[in-house]
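A short worksheet on the structure shown next.
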Amino acid sequence: MTFTAAKSIPLSVVTPGNSIRSNVLSSKSGRLTLGFINGSIQGKKLGVKAVTKCGVSRVHCVASLTAPRAKDLLAEAEERWQRAVDGPLEGVPFTYEEFADALSKYDFSFEIGDLVKGVVFKTDFNGALIDIGAKASAYLPLPEACIHKLKSVEEIGLYPGYEEEFMIVQEDDDNGRVIVSLRKLQYDVSWERCRQLQADDCPVRGKVLSANRGGLVVRVEGLRGFVPFSQVYSGMNQEDMVDKELPLKFIEVDEERTRLVLSNRKALAATQLGVGIGSVVVGTVQSVKPYGAFVDIGGTSGLLHISQISHDRITTVENVLQPGDKLKVMILSQDRDRGRISLSTKKLEPTPGDMLRNPALVYEMADEMAKTFRQRVAQAEAAARAEELRLQKEGGFGLKDLAAPAVDALGLNELDLEDIPPAEEE
């Protein structure tokens, strides 16, 4: 078949699994020259059929093709690789210099203490790399990831893609990266929490880490606190306290000096419900000292001083009381700030000396004698209020103005400050 195509004639080449559009560019001497849009066709048995309809010629080609050989594909891949090596920026509409100049227009300077948003994009055993939108990545060392000791940052959920707020703690390290921290932010939260707990006078629980010559080192709200031995419940064996949890209340919260001071006594005293001065309670003697006996009254220790055992003179406490003895005692006074409770059996004696001669009678008459004591206390308080009103009318001041200046009730002035560890660990 011979024909001449003055213009390109659209045609389709149909092969097994392929349908390729092409154009007839020319036809001379009975031979067709085909131009294919997406590459060349190699093969045999090319059959061409031309159809002319309404002045438009269409050609249908049917060909049997062979797939490109593997070495041809390898050659093409090597050619593309070489082009990428020789001209990596081929087709990119800017140069390295233009890109650097564009970056220089942005200010990525940071100062220590700045808060930045960042995304974790790589972690390892030593920490994590953080994208904070700067020229170089920021680095989060493992010790700065948490106020608690970690083996890896994954323990607190830091994985690639995790977004968090960080604090700048060092401007540049040896690799030109800023150092960021989560630990410092957590400390800020802990200090604020401790201040609020102190303001609300709320009890907390602290784990005993160690003991020194002045008291106990405890962990509270992620910080290290100090409990002076004078503020520890006397019935406790100090050697057995390590790794135990104690109820505590805050005495001092000083972030500037990184110092936390707490009291176990104050927390225990606050837990006593429905027990007031003049109340009779049943207790167990825990220990006997030359100056008195410590009595456990429902989980709280009170002191039964030697002078409050009986009206009669006592030379040795051991002659009257022994550890494990059960007895009734009366609450003589409570010092909630110091966590101390004073007890008395002397006030329960129907006749002076009964505690030594007939303690069973003392326990039998305890409630009646305590009632009499409370009546006397109420009368004394009423007389004191009347006297205060009289003084206010006459001189413009009251009994409170005559009180002695307050002293250090907690005994902190007697402590060596070196015994109090910094609340934040280095």
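Here the structure is a predicted model, which means the values were calculated and not measured.
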So, the side chain of [X] versus the backbone of [Y]: is there a donor-acceptor pair under 3.5 Å, distance only?
X	Y	answer
E144	L182	no
S344	K346	yes
E349	M355	yes
T345	V329	no
E221	R193	no
R357	P352	yes
R374	G278	yes

(request) Taking atom CZ of R376 as the centre, report whether more than 12 heavy atoms of other residues, nucleotides or ligands fall under 6.0 Å from it. (result) no

(message) Do K326 and T284 pair up side chain to side chain, a donor and an acceptor below 3.5 Å, judged on atom types alone?
(response) yes

To the nearest 0.5 Å, tell me how far [X] [atom1] sits from [Y] [atom2].
X	Y	atom1	atom2	result
L260	F226	CG	CZ	12.0 Å
L332	L343	CG	CG	8.0 Å
L348	I309	CG	CD1	12.5 Å
K328	M369	NZ	CE	13.5 Å
L356	I314	CG	CD1	5.0 Å
S287	L321	OG	CG	11.0 Å

[Y] and [X], any side-chain heavy atoms less than 4.5 Å apart:
X	Y	answer
R80	E76	yes
S190	I147	yes
L246	L262	no
Y159	T123	no

(message) Between K371 and E368 (salt bridge meaning N to carboxylate O under 4.0 Å), is one present in this structure?
(response) no

(request) Kindly give the heavy-atom pair with the smallest separation between V227 and N264, and that separation in Å. (result)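 Residues V227 and N264, closest heavy atoms: CG1-N, 4.0 Å.
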
(message) So which atom in A138 and which in I132 form the shortest heavy-atom distance, rounded to 0.1 Å?
(response)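 Closest approach of A138 to I132: CB-CD1, 3.8 Å.
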
(message) Is there a side-chain contact (heavy atoms from CB on, under 4.5 Å) between L185 and L115? Walk through the geometry before answering.
(response) CA-CA 9 Å; L185 292 174; L115 300 180; 3.5 Å; yes

